[in-house]
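Working notes for the structure below.
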Amino acid sequence: MAESSLKHLQQAANLTRIRAMSMTHHSQLGHTGGDLSSADVLTCLYLGGILAVDPARPHWEQRDRFIMSKGHCSGAFYATLAARGFFPVEQLKTFMDPLSMLNGHPDRNKLPGVEANTGPLGHGAPIAVGAALAAKMRGEHWRVFVLTGDGELQEGSNWEAAMTAHHYKLDNLTVIVDRNRIQQGDFTENTIQMDPLAPKWSSFGFAVREVDGHNHEELMQVFQSLPLEPGKPTCIIANTVKGKGVSFAENKPAWHHGVPTREQLFMAAEELGVEVPW
Amino acid sequence: MVVAAPVETSAKTYDCREAYSRTLEEMAAQDKRVCAVVNDSVSSTKLKKFKELFPDRFVNVGIAEQNMVGVGAGLANGGMVPYVCGASCFLTARAMEQVKVDLGYSKWNVKLCGMSSGMAYGQLGATHHSIEDMAWTRIIPNLTVIVPADPLETEQVMRYSLRHDGPMFLRISRVPVPEVHDRGYQFTLGRAALMNDGDDVTIITNGILVARALQAAKLLEQRGIFARVLNMSSIKPLDYDAIIKAAKETRGIVTVEEALTAGGLGGAVAEVLALHHPAPMRMLGLPDVFAPTGSAEFLLDHFHLNADGMVNAALDLLGENK
């Protein structure tokens with residue numbers, strides 16, 4: 001990928017980061033840590049040209065489906081959808097306001113671009129499996145992507161969905177795990193050990209690739225080579241840092257749903273090389 | 001209110017699952033969007049033939065109810081109309097959050113077919129009874145809840161479900177029932193069917209208990225008491241007009257359900273009456289208990305969900321039970 005394109009993606013990801021933090025500062029609620037860890041994956045999918053979606057026709061039948069299973073990271077998700085043109089960036093300022101379309105957790109009936117209502121964990125993977133099955137049944141070629149948290153994988157429904165994806169050979173399905181190693185209360189490995197995670201997915205019949213979830217070149221390469229194996233669903237484990245890009249938030253469980261002060265917002269903007277948007 | 005002439009209830013009996021599966025096959029033949037999702041329950045959902053006829057539109061997710069409902073939502077996302085079928089006890093209880101979030105809140109066009117509901121699995125015990133499903137499903141916003149009474153109504157509800165854009169829960173029993181609707185009957189969403197007219201007392205019921213309510217009406221008639229019988233197959237939306245009219249025109253209402261009365265049909269009717277036209281009521285169903293083991297017939301009798309039980313409840317309500 002061209003150096004200039006990568007630079008553009010990095011700039012876009014950091015803009016998403018500061019927008020998500022501004023939203024969280026505005027509402028005094030949000031999930032900063034996961035917003036920051038997932039920003040690069042979201043940016044590559046939506047702004048790197050991976051997802052075939054059309055903001056002018058959010059319900060276009062042939063679109064690729066992206067399901068944000070870790071719905072609590074709505075800050076990064078909404079900022080990405082706005083950057084892709086699904087709704088005005090200005091609207092991000094209404095995050096969690098009374099009657100806002102920007103719920104704390106995504107609502108497909110309110111906001112264009114949202115495929116599924118998520119928030120409770122472990123819902124996205126089964127829905128993604130269903131959408132991938134629908135493409136197979138109808139002989140269509142859309143692809144389905146689902147982004148899950150790593151702590152989220154403690155929900156058994158994900159593994160039920162994984163077995164179905166394998167059984168039905170859903171090579172039009174890609175599960176991306178935001179492996180930031182922190183869940184709400186603690187590090188994942190102190191809570192319920194997730195490692196070894198890649199062999200878990202491969203034993204469930206997935207073609208698995210581990211990548212640096214902040215390296216855009218690596219992310220774009222793996223996204224451009226899907227499916228990794230014909231006849232198999234793909235799992236991409238994106239190794240990430242919770243709070244990535246903002247030194248005071250990086251790798252700290254407290255920043256799972258930490259809310260930045262105005263001062264911290266400016267510190268973050270400086271580190272990210274972007275302006276505080278509002 | 002729909003007026004339906006009742007037929008004799010001593011006739012041949014039917015397993016409503018046959019009407020449901022036959023209709024689903026016919027709908028799938030006509031509409032390529034129709035597909036089925038099961039949790040291993042191929043035979044108990046009577047979908048063996050569907051699987052043979054439409055192997056590419058049949059998904060067996062294995063014993064995994066949360067996944068089953070989520071997969072249904074995803075299929076709807078992809079433009080299919082999935083019928084997600086499984087034993088009601090597991091389909092509702094095991095996947096309740098998926099039913100709430102992926103169907104009710106998300107408004108996906110998914111049809112849940114809760115099979116062998118109520119106490120149909122009598123001998124298997126309380127784990128396999130589904131006496132809570134009516135209360136659980138009817139309180140979820142956007143979820144339409146229907147309990148058909150006989151093969152004809154089951155077929156009509158199935159056909160209606162394909163025209164209805166939104167999530168539905170269909171409660172389908174395996175307990176044999178006679179035909180209670182005549183051939184001219186037409187199911188209408190949100191409308192109770194008037195099965196027997198009367199001005200003394202009203203019996204409101206649905207599902208497998210409609211036939212028993214008609215027997216109760218006959219027994220009451222022998223005593224000079226004329227009972228109105230309403231088949232409230234549409235639990236949500238509920239026929240407020242028919243309930244309020246019954247409260248105004250008769251001396252009280254007996255609700256009868258193969259479920260916990262709390263939150264179920266009895267609860268639903270009581271809510272309407274309390275707010276719009278308070279009237280004397282009796283509720284037949286399960287009080288705050290799990291049912292013991294026994295055949296479905298035994299358990300229905302055990303909880304007085306039979307003609308005698310309804311007669312006694314009506315007489316008690318009318319102050320004539322000496």
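Every chain is numbered from 1, with letters handed out A, B, ... down the list of sequences. For the numbers below, each heavy atom of this structure counts, side chains included, while hydrogens, waters and symmetry mates do not. Computed from a prediction, not measured in an experiment: that's the story for all the values here.
Residues of residues 27-40 of chain B that come closer than 4.5 Å to chain A, counting heavy atoms only, are B:Cys35, ordered by residue number.
Shown here is B:Arg94, whose CZ atom has no more than 12 heavy atoms of other residues, nucleotides or ligands within 6.0 Å. The number of heavy atoms from other shown groups lying within 6.0 Å of NZ (B:Lys107) does not exceed 12. The environment of B:Leu53 atom CG is dense: over 12 non-hydrogen atoms of other residues, nucleotides or ligands sit within 6.0 angstrom. More than 12 heavy-atom neighbours from other residues, nucleotides or ligands sit within 6.0 angstrom of NZ on B:Lys236. Atom NZ of B:Lys51 has 12 or fewer heavy atoms from other residues, nucleotides or ligands within 6.0 Å. Counting non-hydrogen atoms of neighbouring residues, nucleotides and ligands closer than 6.0 angstrom, the CG atom of B:Leu275 exceeds 12 such neighbours.
When heavy atoms are compared at a cutoff of 4.5 Å, B:Phe54 does not approach chain A at all. Residue A:Trp159: no heavy atom, backbone or side chain, is found under 4.5 Å from chain B. Looking at B:Asn77, both its backbone and its side chain come within 4.5 Å of chain A, counting heavy atoms on both sides.
Within the 4.5 Å cutoff, the side chain of B:Ser106 has heavy atoms near those of the A:Arg108 side chain.
Contact count versus chain B (heavy atoms, under 4.5 Å) is highest, among A:Glu115, A:Glu61, A:His167, A:Glu140, for A:Glu115. Taking A:Val129, A:Asn109, A:Val144 one by one and counting their heavy-atom pairs under 4.5 Å with chain B, the maximum is reached by A:Asn109.
Among all heavy-atom pairs drawn from A:Asn117 and B:Asp102, the shortest one is O-OD1, 4.4 Å. In this structure, B:Gln66 and A:Ser157 approach most closely via the heavy-atom pair OE1-CB, 3.8 Å. In terms of heavy-atom proximity, B:Glu97 sits nearest to A:Pro120 at OE1-CB, 3.2 Å. Between A:Gly122 and B:Gln98, the shortest heavy-atom distance links the atoms O-NE2, 4.4 Å. Nearest heavy atoms, B:Met80 versus A:Ala134: CG-CB, 3.9 Å. The minimum heavy-atom distance linking A:Ala161 with B:Asn67 is given by the pair CA-OD1, 3.3 Å.
B:Tyr105 contributes no side-chain N or O that, together with a main-chain N or O of A:Thr118, makes up a donor-acceptor pair within less than 3.5 Å.
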